[in-house]
Amino acid sequence: MVPSEENQLVPKEVESAAEEPRVLCIIQDTTNSKTVNERVTLNLPASTPLKRLFEDVALKVGYVNGTFDLMWGNGDSVNDTQSPLDQNSEKTVLDAGFEPGKKNFLHLTEKDGEQPHIMPEESGTTDDNAQDRFIGPLPREGSVGCTSDYVSQSYSYSSVLSKSETGYVGLVNQAMTCYLNSLLQTLFMTPEFRNALYKWEFEESEEDPVTSIPYQLQRLFVLLQTSKKRAIETTDVTRSFGWDSSEAWQQHDVQELCRVMFDALEQKWKQTEQADLINQLYQGKLKDYVRCLECGYEGWRIDTYLDIPLVIRPYGSNQAFASVEEALHAFIQPEILDGPNQYFCERCKKKCDARKGLRFLHFPYLLTLQLKRFDFDYTTMHRIKLNDRMTFPEELDMSVFIDIEDEKSPQTESCTDSGAENEGSCHSDQMSNDFSNDDGVDEGICLESSSAAERISKAGSEKITQEDIKKTYGGSSGSRGYYSSAFASSTNAYMLIYRLKDPTRNAKFLEAHEYPEHIKQLVQKERELEEQEKRQREIERNTCKIKLFCMHPTKQIMMENKLEVHKDRTLKEAVEIAYKLMDLEEAVPLDCCRLVKYDEFHDYLERSYEGEEDTPMGLLLGGVKSTYMFDLLLETRRPDQIFQCYKPGEVMVKVHIVDLKTESVAPPISVRAYLNQTVSEFKQLISKATHLPAETMRVVLERCYNDLRLLNVSSKTLKAEGFFRSNKVFIESSESLDHHVAYTDSHLWKLLDRHANTIRLYVSLPEQSPGSQFRRAVCQKPSGDSGNLDEACERVKGPVGNMKSVEAILEESTEKLKSLSLQQQQQQQEGDNGDSSKSTEASDFENTESPLNEIDSSASAENRELENQIQISDPENIQSEERSDSDVNNDRSTSSVDSDILSSSHSSDTLCNVDNAPLPLANGLDSHSITSSRRSKANQGKKETWDTAEEDSGTDSEYDESGKSRGEAQYMYFKSEPYTADEGLGQGQKWLMVHVDKRITLSAFKQHLEPFVGVPSSHFKVFRVYASNQEFESVRLNETLSSFSDDNKITIRLGRALKKGEYRVKVYQLLVNESEPCKFLLDAVFAKGMTVRQSKEELLPQLREQCGLDLTIDRFRLRKKTWKNPGTVFLDYHIYEEDINISSNWEVFLEMLDGVEKMKSMSQLAVLSRRWRPSEMKLDSFQEVVLESSSVEELKEKLSEISGIPLENIEFAKGRGTFPCDISILEIHQDLDWNPKVSTLNVWPLYICDDGAVIFYRDKTEELMELTDEQRNELMKKESSRLQKTGHRVTYSPRKEKALKIYLDGAPNKDLTQD
């Protein structure tokens, strides 16, 4: 903006100061939480003394000079080793170490430990009269002020609290609203518009003030003129537009906003004095004419305009117009209509050459010029911004643009009358520019920039100079400073507003005493609100905010909240606030509560505040800070207790008493100790607290997980032993012989080790009795098994032949454990360990404790808590219950009865999800790597096999090669008891609560669960339950439960568990011509060494029973599945793990065949073809084509055979994306890469090396159907709906630009306005 020539306020030394180097200072106020993220910037001459620097900072932040220190900072960190700057020094900032042209970071800190004093209001701002002198336009040689050329990226509201010394107030950028701020600032600096807006009076009885656009603009202008803040929010204005918060993130065009806002104001101002204000100020007239060059006849019409759009660069030219004047001449330059563009002359009655152009008839009082810097690049098909240089003058002579012939017309006369005195010239009074990026704070009155990282728009503390204006011309010439390089395009002028120079009409801004009465009332109202806001900020500035914890005395849960208390409140008052905040009125009396210093991270009580009940909280907490390094705990006690004194320097120790006889660990007792105490003194301290003898006391310190240290050196200090703020110790004071045993071999160590590793799990047992299913599973003779069926059933008749309910098993286990205990005692007396004559029944329950033993008073401690050794008495019995690895290899088929168990529910075998979406594989492999290309295998001439023992298959055998249990000779704690489920946990199901050592293997854990499930461990599966009740099957039997934690849930499901070399496979049906080509069928088990034909034989009965598909083995095939894409066709003789790589959670396609299988060899290639018929605008169904080679010529021949298209007319293209490679029929003819110039299919750009590729083909002589607009729109709707449903089409779509709208009656109806 170039203001008027009145009230010259620019200092004379500004020209010389501009040549002096300047120092950019960035000051961060670290004294409280509200200002810790604030950045105050000063751009000072290098000759500024340090004393003046302190004065300027004090004025900026509103502190009394002398009550704060400035220290060097490095970004966000403070260097404590340096001393504060001398605030009384006359040394210049350059001599003090400040660097010109760079960012100099300073931290504003407390002085002598005291908070800076707030500057009284009257000393921080000018008086009203002085303030009024700044309202209105500034001198032309100066410019609208601003802060420095830099703004921090972290913006804080407190940075807008103090008004700039120029007297102007800026606007806060909501997000991407720089275009809005530019327009608002321009309108505010237009006296005629502002004064007319002030004269309009809002009637609250007729309209809601929130949705009234004129009223909110009026309020904003009043605040811009009278507020003492540095910048004002524009949210109330945008809310009156009907915008929500998302609109702030939409970039719009400032010229479009100007038009829409003016339309909205005209609608709101109907039937008022301001009804025609916009037209009076901004509307001009022009003539649009066409003149015949033969007879001279001219046809014309009169148009009105609110702005003139000027192109930066003519169409097809690389050279931009040099100035606004050139662009105006080009705007009215007529064009010749000739050739096919001839004009039909009404007088000549024929088409003639003609001249077409525009003539200005009347210029508005406020002339708006839009520089069209946004253009469309037809090469890249993207919108671009033109940053070419275009100059504009301060005064624009428009008389040369009015045609002499039109001056005689009424319109021309009115124009010359209005500007006759000044020969039609207009004064350059306002200008505004708008940019595409938005960050930081817009404090600009006219010039505005969006690059907050390097520059802040000028408004508030400095004057805009002529150099600043020249930088908005664009281009790259000249020195740019902060505007250079990437930021050059952000400072180009986009919209210019010129005011007519007419002393009789040029208005001045209304002074305060000239305000209408309703504006005076509004000013008073806004001042009161501002004062109230200031008082509230002052309260927050002096409020301590700290985390507060409290262990509820009755609920016994740790509660957390935030305590907010004024720094002058006493500790006693703070306790009352915390007492109410934690809602303890009904739980404990107030006098039984106190606040103590607390470290929540270490669960450590640092100190108590005895005798400081009347001390202000500001002193106790060390002042008002943004964050505290400690917390507060609201401690409670019973009325008969007294509070313990916590002294600084003490450490807290949680002492657990261990009873070796009952093998129990008691809840902790808190003890306070000092780090310089010896172990001997510490034992005496514990002895007093626990009343246990110190002489026989053993103390074990748990420093971290599984780190149990015996404190046996009495003279060592606690600090040397590794004590910290909060510690956990275990003590034992019995006189047992365990004292004389080495610590790591002692009963104490084993008990503590078990205690540290024991977790609590909740196990959901199967709901139904497994009797009938299990009897069938273990007694059915497997196909190909030569064993005696009767013998097999007889072997298992003991433990499982007469199956009982889970409740019966729980009841029976007590008696069995008693008899087992007697047997073990007899064996020890006879010296017979591992007697092979043990019954199968006994071995089944051998190391499992019944939960009901605790009820039986005669049960021994060993029966209450067993530390078991997993043993298998007779390896032959195991072989009778489960097939050995050799049996698995010999018998590749799963019995139909096993299939019944295995086919329970596909969702129970892997992560449950309703969409049956494929999941990542357990071993981290993606489905592409599961099956290596059979083409490459054929070329290699050798087989690749994977070792599936433990690494890949995801399953392990429960027994090693010798037939011994993997869990043998490992003592692992296991204890279980019935559990009644709470609400939401699964009421109606049978639950066990299990305490188990998490170092136990899954195999041993399953064997412990056998008595409760009722079937051997090989015939049930373990599922770990995650959040949202998602389940994963745990299949690695040799892995421990170390990944489990307390209160994890486990679900047991019946079904044969996988053995070594077996894989669970998901089978999907491939339906190539269906809308959903991938359909889940069932789960199956494939084994290493099994052929594809054997797996198909096993699938037949399952498909019949579970899916109702009655197929023959030669009428379907299996093929590779990669996501939803069909891949390699598996031939019947292929062997899993030899020809086909397989892994856990594998997925395959089952495809039904119409005829005999055509795929016979690995050298063949099967592709899916689909014909495109452009004359009918439709696609035919898929047809499979089997090729003997990868020749393009053979492919064309096959396509010609099935379609009847001559070979020379065949054109084909490879489909894109996921099967079925959907594409719109409106795009397929042009978008696909038709007829690639290759001779083989396995090279770029086709890369067809495996089965399942999609090929589109067409007859190149077939013409594309010509569609009417109506047909095209109809097809577009259908295709859009179809592709949206299938979800296969994935294309990049940039963010849609929303149309700029202003809603006159509040927010829009969301349902009606959605596109």
Side-chain angles (χ1 to χ4, degrees), residues 761-780 796 799-801 803-810 813 840 843-848 870 872 877-878 880-883 894-895 897-910 912 954-959 965-967 974 976 978 986 989-992 994 996 1000-1025 1031-1039 1041 1044 1048-1060 1062-1064 1083 1085 1144:
L761 303 175
Y762 295 98
V763 181
S764 172
L765 300 174
E767 296 182 13
Q768 73 280 10
S769 173
S772 59
Q773 279 190 330
F774 179 65
R775 185 195 302 270
R776 293 174 59 195
V778 298
C779 296
Q780 179 75 21
V796 299
V800 296
M803 295 308 291
K804 302 178 180 180
S805 66
V806 176
E807 291 85 347
I809 295 173
L810 292 174
S813 60
T840 306
S843 65
D844 280 332
F845 294 93
E846 181 175 357
N847 295 303
T848 308
I870 304 172
I872 303 300
N877 288 341
I878 298 165
S880 68
E881 295 184 14
E882 301 188 42
R883 292 183 295 173
T894 306
S895 68
V897 180
D898 282 344
S899 300
D900 292 341
I901 300 175
L902 290 170
S903 61
S904 56
S905 170
H906 71 273
S907 62
S908 66
D909 293 326
T910 183
C912 294
T955 62
D956 311 296
S957 173
E958 294 190 36
Y959 307 98
S965 168
R966 292 181 179 269
F974 181 95
S976 61
Q989 296 180 354
K990 299 178 179 64
W991 288 85
L992 284 179
V994 175
V996 63
I1000 195 173
T1001 63
L1002 178 62
S1003 174
F1005 180 67
K1006 289 182 66 176
Q1007 291 185 42
H1008 279 297
L1009 292 175
E1010 282 182 358
F1012 308 103
V1013 181
V1015 297
S1017 59
S1018 60
H1019 287 78
F1020 66 83
K1021 297 171 285 186
V1022 176
F1023 291 84
R1024 183 173 180 179
V1025 183
E1031 297 181 351
F1032 268 117
E1033 182 181 0
S1034 298
V1035 294
R1036 296 183 179 273
L1037 298 174
N1038 64 331
E1039 288 189 356
L1041 304 185
F1044 287 74
N1048 278 173
K1049 298 181 183 66
I1050 289 175
T1051 299
I1052 304 297
R1053 300 189 189 278
L1054 297 180
R1056 184 170 64 79
L1058 297 178
K1059 297 181 182 179
K1060 182 178 180 180
E1062 292 185 335
Y1063 305 87
R1064 206 173 305 281
D1083 283 321
V1085 174
S1144 59

Please examine the side chains of [Y] and [X], heavy atoms only from C-beta on, and report whether any two atoms are closer than 4.5 Å.
X     : Y     : value
L1054 : H1019 : no
V1085 : E1062 : yes
F1020 : K1006 : yes
R1064 : L1058 : yes
N1038 : T1001 : no

Roughly how far, to the nearest 0.5 Å, is the [atom2] atom of [Y] from the [atom1] atom of [X]?
X     : Y     : atom1 : atom2 : result
S1003 : R1036 : OG    : CZ    : 14.5 Å
F1044 : I1000 : CZ    : CD1   : 11.5 Å
R1024 : E1033 : CZ    : CD    : 14.0 Å
L1009 : Q1007 : CG    : CD    : 10.5 Å

- Message: Minimum heavy-atom separation for L1002 and S1034, please, with both atom names.
- Response: CD2-O, 3.4 Å
- Ring geometry between Y762 and W991 (parallel below 30°, tilted from 30 to 60°, perpendicular above 60°): perpendicular
- Message: Using the side chain to side chain contact (heavy atoms under 4.5 Å, CB included) definition, which of the options V763, L761, I1052, I1050 pairs with L992?
- Response: V763
- Would you tell me whether E1010 and S1017 have side-chain atoms, one donor and one acceptor, within less than 3.5 Å of each other? yes
